[in-house]
Protein chains: 2
Amino acid sequence: MCPESVERSRAEVRRAQILAAAVDCFRQHGFHGASIAQISKAAGMSPGHIYHYFENKEAIISAIVAGDLERFLILTAEIRSACNVREAMLARVGEGIDECLDQQTAGLKLEIVAEASRNPHVAEIVRSADKVCRESLMLTIRDTRRAAGHEDDDATLAAMVEVFISMFEGLQIRTIRNPGIDRSIVIPLFQNALRALLDQSP
Amino acid sequence: MCPESVERSRAEVRRAQILAAAVDCFRQHGFHGASIAQISKAAGMSPGHIYHYFENKEAIISAIVAGDLERFLILTAEIRSACNVREAMLARVGEGIDECLDQQTAGLKLEIVAEASRNPHVAEIVRSADKVCRESLMLTIRDTRRAAGHEDDDATLAAMVEVFISMFEGLQIRTIRNPGIDRSIVIPLFQNALRALLDQSP
DNA sequence: CATTCTAGATCGAACGCTCATTCTATGTTA
DNA sequence: TAACATAGAATGAGCGTTCGATCTAGAATG
């Protein structure tokens with residue numbers, strides 16, 4: 001019954017299966033180190049069959065990058081919708097730090113950025129999603145600053161956003177270079193740093 | 001004359017030639033995307049000849065990673081040897097930011113960390129060098145804090161170091177995701193953030 | 001000084017393998 | 001039966017690496 005939607009969902013399941021397997025393989029071997037043969041084995045299907053769902057390997061990479069950034073957009077939207085945005089940001093610092101400190105997650109995100117630094121197609125996906133994130137975060141910080149009586153120009157707000165994101169994204173590099181980071185001590189330091197950033201006089 | 005040293009320097013010149021070519025190729029195509037054939041062409045020699053100077057491709061990667069980190073160790077040593085360390089750090093923030101914002105440099109550093117997240121050999125090189133950097137920076141910050149009358153335990157100092165480095169390393173990711181960062185506005189914000197980090201009460 | 005010798009530098013073809021991708025044949029389902 | 005799902009072998013290109021042949025520059029020899 002309902003053949004159209006059943007078939008569509010079957011195709012979607014297969015696509016999701018391939019993407020999940022690809023994420024695994026890319027984490028372990030990188031975008032260029034992982035082969036279609038490996039991915040197809042992890043996904044439980046033949047190599048050729050993958051080409052029924054993705055035009056080529058780069059299309060798989062693009063889909064993973066796009067999905068990853070979509071998830072991040074949802075997170076920033078959540079924070080912005082909180083009633084007291086400043087406190088919501090500070091309260092969720094621990095959550096953000098935990099995600100950045102996860103080595104599996106961090107490894108894939110670094111792989112994506114490294115790929116973006118040389119693959120124009122991936123760069124475009126990454127940069128357009130980043131633009132949306134930045135703009136959302138900029139509005140959030142502007143509101144927070146206004147509530148505390150500060151009025152900043154756009155360039156300053158943009159720079160604040162960069163410092164804010166730098167700290168978290170930097171942690172993704174840190175957790176690879178130093179796997180022994182103590183989250184419980186880093187969290188209050190991050191909160192202090194963010195308070196200083198949000199409260200500073202112009 | 002002096003055959004031994006002449007021959008040795010010739011070999012060193014060749015090694016340096018190969019490494020320079022490899023850095024170029026790795027930046028453009030990544031560690032696994034760049035081929036020995038490409039590197040040999042860029043270095044102006046035959047593919048086979050490269051194997052007279054490096055055991056295999058991974059040895060080239062290792063040499064680049066090691067050289068990169070050695071340069072960083074020299075930089076931190078310089079800062080630590082300044083008479084007023086706190087002011088030396090703040091004064092050199094712009095310099096550090098400029099290096100992080102360079103997309104070519106950042107791309108290769110991200111490639112290295114991504115590789116470290118899955119290649120145990122590269123991970124070991126990266127982590128042992130990072131340990132030295134952290135310890136050096138930790139002593140520097142401890143001295144600075146003591147001079148201002150604060151005494152911190154090792155865990156807190158270690159976390160301060162992580163926040164400090166996170167900001168700079170995060171900027172390497174930022175410059176890929178957002179190539180339009182305005183350095184002149186980010187620099188004072190970084191200085192403020194660092195002051196807040198170094199001056200905070202425990 | 002001219003010649004021979006030799007050891008290292010260098011080349012580039014060749015090897016075996018794996019890759020991304022294609023294609024044809026077969027299975028499945030409605 | 002018609003249309004789609006799936007398999008897996010085939011293809012040709014490119015990979016890292018090896019290897020024997022050639023070149024070259026300086027030492028040894030006469």
Side-chain angles (χ1 to χ4, degrees), chain A residues 1-26 28-65 111 115 118-119 121-122, chain B residues 1-26 28-65 111 115 118-119 121-122:
Chain A
M1 33 166 154
C2 192
E4 180 108 339
S5 81
V6 165
E7 268 162 49
R8 196 199 324 244
S9 87
R10 156 129 79 176
E12 268 164 28
V13 166
R14 279 274 179 270
R15 271 182 68 97
Q17 221 175 315
I18 294 169
L19 287 179
V23 165
D24 260 15
C25 293
F26 288 153
Q28 281 177 58
H29 308 101
F31 285 141
H32 299 284
S35 70
I36 296 288
Q38 283 174 322
I39 295 170
S40 72
K41 189 173 284 185
M45 67 185 68
S46 71
H49 196 38
I50 287 188
Y51 288 84
H52 279 253
Y53 297 100
F54 293 92
E55 202 192 352
N56 52 35
K57 196 179 171 182
E58 227 210 283
I60 303 178
I61 296 176
S62 297
I64 287 179
V65 172
E111 184 74 28
E115 180 69 14
R118 59 186 121 84
N119 178 331
H121 186 206
V122 171
Chain B
M1 29 163 158
C2 192
E4 179 109 342
S5 81
V6 165
E7 269 160 49
R8 193 195 329 242
S9 87
R10 157 130 77 176
E12 268 164 29
V13 166
R14 279 275 179 268
R15 272 183 67 98
Q17 221 176 315
I18 294 168
L19 287 179
V23 165
D24 260 15
C25 293
F26 289 153
Q28 280 178 57
H29 308 101
F31 284 143
H32 299 284
S35 71
I36 297 288
Q38 283 174 322
I39 295 170
S40 72
K41 189 174 283 184
M45 67 185 68
S46 71
H49 196 38
I50 286 187
Y51 288 83
H52 278 253
Y53 297 101
F54 293 93
E55 203 192 353
N56 50 35
K57 197 179 170 182
E58 227 210 282
I60 302 178
I61 295 177
S62 298
I64 287 179
V65 172
E111 185 71 28
E115 180 70 12
R118 57 185 121 85
N119 178 332
H121 186 205
V122 170

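Bear in mind that the values here come from a model prediction, so they are computed numbers and not experimental data. Letters A, B, ... mirror the listed sequences (proteins, then strands); counts begin at 1.
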Pairing nucleotide - dC5(C), Watson-Crick or G-U, each distance under 3.5 Å: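 With both distances under 3.5 Å, dC5(C) matches dG26(D).
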So does Ser46(A) get a side-chain nitrogen or oxygen closer than 4.0 Å to the phosphate oxygens (OP1/OP2) of dT6(D)?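 Result: no.
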Output the residues of residues 14-24 of chain A in contact with DNA chain D, where contact means a heavy atom of the residue under 4.0 Å from an atom of the strand; sort by number or write none.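 Correct list: Arg14(A).
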Separation of [X] atom [atom1] from [N] atom [atom2], in whole Å?
| X | N | atom1 | atom2 | answer |
| --- | --- | --- | --- | --- |
| Gln38(B) | dT17(D) | CD | C1' | 16 Å |
| His32(A) | dG14(D) | NE2 | P | 16 Å |
| Tyr53(A) | dT21(C) | OH | C1' | 17 Å |
| Met45(B) | dC23(D) | CE | C1' | 16 Å |
| Ile36(A) | dG8(D) | CD1 | C1' | 15 Å |
| His49(A) | dA25(C) | NE2 | P | 19 Å |

Ignoring hydrogens and angles, write down the donor-acceptor pairs under 3.5 Å from the side chains of residues 45-52 of chain B, residues two or more places apart or on other chains.
| residue | atom | partner | partner atom | Å |
| --- | --- | --- | --- | --- |
| Ser46(B) | OG | His49(B) | N | 3.3 |

Between His52(B) and Glu58(B), who's closer to the 5' end of DNA chain D by nearest nucleotide?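 Nearest nucleotide further toward 5': that of Glu58(B).
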Nearest heavy-atom pair of Phe26(A) and Arg118(B): which atoms, and what distance?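 Heavy atoms only, the tightest pair is O-NE, 4.4 Å.
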